[in-house]
Structure formats: structure tokens, C-alpha cells
Protein chains: 2
Amino acid sequence: MGKDRDTNGYVNASTEPPPANSAVNRRLLVFGGAVGGVLASHQSFAQTSANVPPNVPQWMKEQGAPILSPAYGVPSEFEKAVIRRKRDPRPTDTAAPSWSPLQNLYGIITPNGLCYERHHNGVPLINPDEHRLIIHGLVDRELIFTMDDLMRFPSVSRIYFMECAGNTQNWQNTNPDWTVQHTHGLVLCCEWTGVLLSTLLEEVGLKPNGKWVLAEGADAAAMTRSLPIEKALDDTIIVYAQNGERLRPEQGYPLRMFVPGYEGNMSIKWLRRLKIGDQPFHTREETSKYTDLMPDGRARQFTFVMEAKSVITRPSGGQQLSGGKGSYEITGLAWSGHGRIKRVDVSVDGGKNWHEARLQEPVLPKALTRFCAPWRWDGGPAILQSRAIDETGYVQPQHDAIVNARGLYSSDHYNAIQSWRVSSDGRVVFHVA
Amino acid sequence: MGKDRDTNGYVNASTEPPPANSAVNRRLLVFGGAVGGVLASHQSFAQTSANVPPNVPQWMKEQGAPILSPAYGVPSEFEKAVIRRKRDPRPTDTAAPSWSPLQNLYGIITPNGLCYERHHNGVPLINPDEHRLIIHGLVDRELIFTMDDLMRFPSVSRIYFMECAGNTQNWQNTNPDWTVQHTHGLVLCCEWTGVLLSTLLEEVGLKPNGKWVLAEGADAAAMTRSLPIEKALDDTIIVYAQNGERLRPEQGYPLRMFVPGYEGNMSIKWLRRLKIGDQPFHTREETSKYTDLMPDGRARQFTFVMEAKSVITRPSGGQQLSGGKGSYEITGLAWSGHGRIKRVDVSVDGGKNWHEARLQEPVLPKALTRFCAPWRWDGGPAILQSRAIDETGYVQPQHDAIVNARGLYSSDHYNAIQSWRVSSDGRVVFHVA
């Protein structure tokens, strides 16, 4: 077979390139990808190593690595630049975020190793055998649950996005060096497994005057938020697994609350306590923090839902179109805290003309939705934008519209359309609208 | 807030347990989970460390770990036993499988670090910049593609299972020590992203007499298989990403073929070459190997599709019911290479009575489907079974039925119902039907 492998195909391909005026190259003009393919491959015979056709690459001539190296797998060493990153130097890295590399992600699932982080006093190291969840307050019976107890309840697994309220700090809209990891990297989408909070509230017996739930984390910040009982009884999950395995430490191991569609801060990590009350608890994180200061000086409180939003992840800021003018794929992500994405439009001329993008099926409620659109780049300047529309009919706003309505005093819940500028040399940068 | 945290709830919960004859415990008899909850928690005050209620755990009294530790995340140190494993000592670990720990998995997504492996001459270390895909044979123009070229084509992302043809070696059905990782650990489910093979075949121009595709891997085994053109033009994908990130090395980095619903060996890893022919190529892996030897001595060839199958993953062999008699969740996985799972039935009495399980939505074609069923264990012996039915109406067979039809000469495509025996002491073991 080795001989067959050496003589099959490569000789044909390398010694008989189609003449420039052949039907091949005429047809190839229709699609840039293949132009890149043919040109790159024939140039490579002279330019690159013995590993490219017509040669048999070195890695076929020697035995590869055995199984279980390692027993828990890791990415290729050629992907080591694909990591979470922080944006700015900070006084502390324990009350800080790290951004997910959206420009290197595919589909809708965020791999567990690349899920963004936002902690308020670091990641606690919790022994799951000693972790407890207590439910008390306005209930018929106060109960304490071990992890084993919780694993015995009926479970659900659902794919949901989570976005930090502070994702996308484009209010001043003036940083041409930002990549999509910097601007939109505080969003993720995982398959979450756990017990519906409604199941546990039935277990403890919710009193009629129980209207709000205080959730407290077992971290040193004792992160606490107030959740309306309607949402608690709807789709809120007490989660112990993400993407098939137990929660990662920075995602709340061994237990977290997950509140679909709400600002990420509501999904209390390292969950240890739920107290039922008859009104909101007005904790620091919903008075001093996580409120929206409006132009008239009043602060909006309990702005839970993350509105519809989208962003093009490829091509995006800091990237370079690989093969000159021709065909490329424009792809990105859209999401809405109100439910399903109904449509995503894409523009390559800064919003003058819009084209409907293809949505990856299945389109799930309160999950990331991948959109794709083919683009034939003419080699000239272009401004790429995407615009999400959710099932409520809400349309993602332009930058000016949101600034006019919200002012510049608040930092959270920015969801305006993002622009990327493509230069004639193929460079892509953040575009100041 | 610290004071509030210390005084709220824990005092109530720890010093005022409900009396044994209270409405609490009467109601708790209805559901085992909470029985475990109350008993475990009150016992724990005497038995376990200062980290359980009413105390504030140590990890709330000290600052946690900063962000980006590490920048590419890893599981909790308390989960280090959750890894891929091999079953038997072997002459080599480069032509061998490693099993996925299904007993520790949740939902339907298999995390990339725990995807099973099956290699034929180890895992090659491939530089993606030097990797090429050539398409030749019965085409209008033979082309060579770089990874950059392939990234420019329209992409698709789809969630599909993959199962090794040799998964579940229960023909002799006589090993009480096997866990579900040993018996069924050669199956996985990921979100796969790449270019439809039909898109690339359109690019090279398929000749009318092109009926079969030879796919060759760039590993030292030069793994090769023949794929019918109908499947190549249907849903076969040339894949470069899994679960949101580039392929892992042991899954074919930087490029693989993925053939939904077919035996895993067809999804050639480290894909370097596709040759179009007018008949199958009869490689070693479809003549000497990956055929089914029947009782009459004839070998079935090209048995591509993995038939409907299911298995209970919790409780399963080697596990122990955590809290004595009471309520537990029975959960597991079902899949079919022919499309969607229509129904999964569960039995706790060795198949005398069957109960329909709940299926996790969305139920996707050719993807793992998670099923769940509540079970109140009476403390006596039990035999747990699951039975999958797919959208074609095919019903997963019993062990005797498949042995009667297939004999004991072949090792692949075993999909009979799996039995787990529960003893009065709560131990769960492989049950010899």
C-alpha cells in the first residue's frame, strides 16, 4: 500500500497542473477557495518542506503517539495560542474577567477549557464531599442537600448561552486594536446538566408568600443575587455538569445556579444557599453593582434579561484575509435572552445593504446560534456588520441608538451592532462607527 | 454580609431538624433524594469536617485562585479519576483503543478530553501549515487544498455520535467485572464543524462513473476505507473542529472525514487523500478487518451503519447506590445510525415489565440521546435494562437473538440489550443474561 500511496494521485496532481487558460482555472474564478487551493499547493512544491505533496510526509514514516497520552486529552501543541485572555492590567486578577477566543471557536458549543471567567474573589477549591446546599426561609421544611442527594433527583440537560452583563465595552467606541475576544469574549454556550430549581422548591415546600430567592455562592466574595420566584419556577437549573462532565472549578464546581437568558452574574457559582423571601434582598451586587445608570441620573435595577445581540467572529479584528480577493465565509454568533434567534442579516458595506445569513440548525432558545454567509471579496475596502432579530421581533440596535437611549454613564448591557473594517491589504480591524 | 451569612439559615437548619414523625419526614418518604438530604446532612454535623453547615467552610474564608489559572482550563483535582482507560494489557498501545467513562458523563456532549480513541499506528504529530488534502481520480480537475483553502468554503456544524464497530464485546457475555466504560466506552457525541464533502466534490467536478471514494489518513498506518458516493454526497463532512475548537490530535488533527451513523473506522482521521473510483477499493480494513464472519463461514462486507443501541450509564456496573432504598434516577444513552431515537424503554425486573423513559430534547438524528427514568428502589435485587427503538421502527435486540442470527465468529456490530444487576447491598454489576 505504501507504494500505491506514493504513486497514486500526487504525480498527476504535481506534474500536471491545469494550464492557466483551462476549463479548470476558468471555473476556479467562480470560487476563491479553490483558487487558493490550486495556487497555494503548486507554489508549495518549491517553497515548503518535504511534507507536502508529492512527497509522503514525515509523520507517515514513523509510529505515532500511543493511546492515553494523556488519559485526559489536551489540544494540539499547534493550537497553544488559542486560550482565554485578559484585556487590561488590573490591581487584582481575583476580581476580574478572562475572555473567550471567539475568533477561534466553531459551531455553538464553547469547549470547557475556553469558557470565559468572571470572579469576584477568586476560584474556591471546594471538596464536593463536604459541599452542601441549604434551602431555607419561606418554606415548609428547611433542608440541606449533599451532592449525592442532588444526583438522585430527576435531571435535565439543556444547551444555553451565558453572557456577562458587562460584555462588550464599546460605549466610547474608540479602540481600533480590539479583537472580537476583547469586545465579545464574555459569552459562552454549554450543555448544562442538573436539577430544575422548581423540583427542589417542591421538595422543601414553597410558602405562598415566597416571592424572591436569595442565592449565595461559597466563594470568598459570598456572591449573592435576588431571583424572582417566577423565573426560579420556570427554567432555572441547579447545575452540576457542563458539556458532559462535572463543572469546571471556574464555572462553579461542584454546584452552581444557572438562570437561562439572564445576565451571567445571576447564575451564582459554587452555590451553597437559597433563602426564600417575600421581596428582593437588595444585595451589593444589585444596588452598588449590576445596575444601569441612565442619563437622568436614575439607576435601572434588576435588568436581568440579555437582549438580542450578534457579532461576526470571522473575519474579525486583528485577522488577515488569507488569500487575496475571492470567496470567503463570513460567520459569527447570535443570541437572545428572550428565546430563539429568528434571523441574522449581514452587511459588507457598513449597513447600506443587508443579506440574510444561513442559521445553523437546530436553532435553540436562549442558546448561541451560528450564522454563516458566503462573501466574494473584490479586494477593496469593506465594512462587515451583523444584525440579529429574535423571535419577539426585537432588532439589534445601532451604536448611536443605544447611546442616545442609555447615555454613557453605565457599563452593562451594551448590545449594539459591531463593525469590522477590511482594508485593501486584507487587514481586518475594529471599525469606529 | 459575613455576619448575615453566619446567622442566616444554618442555625435553623442544624438546631431544628424536623422530628421523625413530622409532616416533613412523612412527606420525605415519597422521595428518596430528600430523605438522603436530611439524614446525610444531620449525620454530617457529627461526622464530617468544619466545612459543613452550620459552619462557614474554609474556602469562604480565604481568597480563591485568580483567573487564567490555567489560561486553557482543566477539570477539578477532585475529578482526576474521570479519565479514558484501556481494558486489557496489549502488545502495543499504538494499535489499540481507549474507552470513554460513560458512567461519569452527563447530557449528550462528550467533552473533547474524554472522547474515546482507536488508532492503528498511533497519533501522528501533524503541522497544519504543511498538511494537504488532495482529491483525484475520476474528477474533472485534481486539486490539492491547504487548511486555509478549506476554511474559506461554506461550513456546517452538526451534532453527531460516533461508535467504533467493535464497541461492546459481549458475545461471550461472561465478565461480571466489566463497567459501562468497558462495555460501551467506544461511543462519543460531538458538534462537528467542517465542509460538506459534496461541496468539495462539486469543486473538483465528479465524473459520472465516480461511484466510490477512497479516503486515506496521514498516519503511519495509512488507514484507508472505501465510501459509497451516495453517502459521500449526502451528509459526509470534511471536519476541522469538534465541540467548538480545532480537532484534538487523537481525533484527526488537523483534518478528518466524518461519516454520520457509519462505523467509526469509516471516519478517516488525519485525512490527506480522497481518490474517486468506479468500484470499492477493497483495502485491508474492509477485507481482512471490519467484516462480519457469519455462522455459515461467509463474511459480510461493508456493514457500514451502526444499528439502534442503548445502555444505562447510571446505575451501572461497579457503582454503588448511595443512600439505601428510596428514589434514584436511572439514566443512559441511546443512538441509531439510521436517524432519530423514537423511544427508549427501561426495565428494572430483567425485561418482564417495560416503562417508557423521558428523552432529553432536542432529539437529533444520528446523535446520542439522553434518556431518564425515576426509580424507587425497594432495597431488593433488581436487573436494570434499556431498549432503544429508532424512527425506522427497529427495536434493539436481546443477547440471544443477536447470537442466534450472527453466531460467535465476529466481533463487531454487537448492539444487544445490556443488563445490570443490583444486589440488596446496593452493589451494581454486569449481569450475564
Side-chain angles (χ1 to χ4, degrees), chain A residues 9 13 24 33-34 36-37 40-41 51 53 59 63-68 71-73 76 79 83-84 93-94 96 98 105-107 109-111 113 117 122-124 130 132 136 141-146 148-149 152-153 157 191 193 203 220 241 243-246 248-249 253 322 328 360 362, chain B residues 9 12-13 24 33-34 36-37 40-41 51 53 59 63-68 71-73 76 79 83-84 93-94 96 98 105-107 109-111 113 117 122-124 130 136 141-146 148-149 152-153 157 191 193 203 220 241 243-246 248-249 253 322 328 360 362:
Chain A
V24 182
S41 58
N51 287 324
W59 42 79
Q63 193 172 50
I67 56 171
L68 302 177
Y72 188 95
S76 163
E79 298 297 313
I83 53 175
R84 301 178 290 201
D93 281 336
T94 53
S98 71
L105 299 189
Y106 305 86
I109 296 294
T110 309
E117 304 169 278
V123 180
E130 298 180 352
R132 299 290 185 270
H136 66 117
R141 47 199 157 275
E142 296 172 329
L143 294 178
I144 302 176
F145 300 94
T146 64
D148 279 348
D149 298 336
R152 292 170 63 176
F153 283 87
S157 297
E191 183 187 37
T193 297
E203 192 60 28
N243 290 338
E245 62 189 348
R246 291 295 185 99
R248 292 295 178 87
Y253 183 86
S322 61
Y328 292 87
Q360 172 195 327
Chain B
N12 300 342
V24 181
S41 57
N51 287 323
W59 41 80
Q63 194 173 48
I67 57 170
L68 302 178
Y72 188 95
S76 163
E79 298 298 313
I83 53 175
R84 301 178 290 200
D93 281 335
T94 53
S98 71
L105 299 188
Y106 305 86
I109 296 293
T110 308
E117 305 170 278
V123 180
E130 298 181 350
H136 67 116
R141 46 202 157 274
E142 296 171 328
L143 294 177
I144 301 175
F145 301 93
T146 65
D148 279 348
D149 298 335
R152 291 169 63 177
F153 282 88
S157 297
E191 183 187 37
T193 298
E203 192 59 30
N243 289 339
E245 63 189 349
R246 291 296 184 100
R248 291 296 178 87
Y253 183 87
S322 62
Y328 292 87
Q360 174 196 323

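In what follows, chains carry the letters A, B, and so on, assigned in the order in which the sequence lines appear, proteins first and then strands, with residues in each chain numbered from 1.
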Take B:Asn51 and A:Arg132 through the side-chain contact (heavy atoms from CB on, under 4.5 Å) test and state the conclusion after the steps. CA-CA 9 Å; B:Asn51 287 323; A:Arg132 299 290 185 270; over 6 Å; no
Using a 4.5 angstrom heavy-atom cutoff, name the option from B:Pro362, B:Pro124, B:Pro249 with the most pairs to chain A. B:Pro249
Pick from B:Ala96, B:Ser322, B:Ser76 with the largest number of heavy-atom pairs that fall under 4.5 Å of chain A: B:Ser76
With a 4.5 Å cut-off on heavy-atom pairs, point out which of A:Ala241, A:Gly122, A:Ser157, A:Pro66 contacts chain B the most. A:Ser157
Identify which part of [X] has an atom lying under 4.5 Å from any heavy atom of chain A, answering side chain, backbone, both or neither.
X        : answer
B:Pro111 : both
B:Glu191 : side chain
B:Tyr72  : both
B:Ser98  : both
B:Gln360 : side chain

Does the side chain of A:Tyr106 reach to within under 4.5 Å of the side chain of B:Arg246, using non-hydrogen atoms? yes
Roughly how far, to the nearest 0.5 Å, is CD1 of B:Ile109 from CG of A:Asn243? 6.5 Å
Restricting to non-hydrogen atoms, name the atom on A:Ile144 and the atom on B:Pro53 that form the minimum distance, rounded to 0.1 Å. CD1-CB, 4.0 Å
Check: B:Ala220 main-chain N/O paired with A:Gln63 side-chain donor or acceptor under 3.5 Å: no
Flag, side chain of B:Arg84 to backbone of A:Ala71, donor-acceptor distance under 3.5 Å: yes
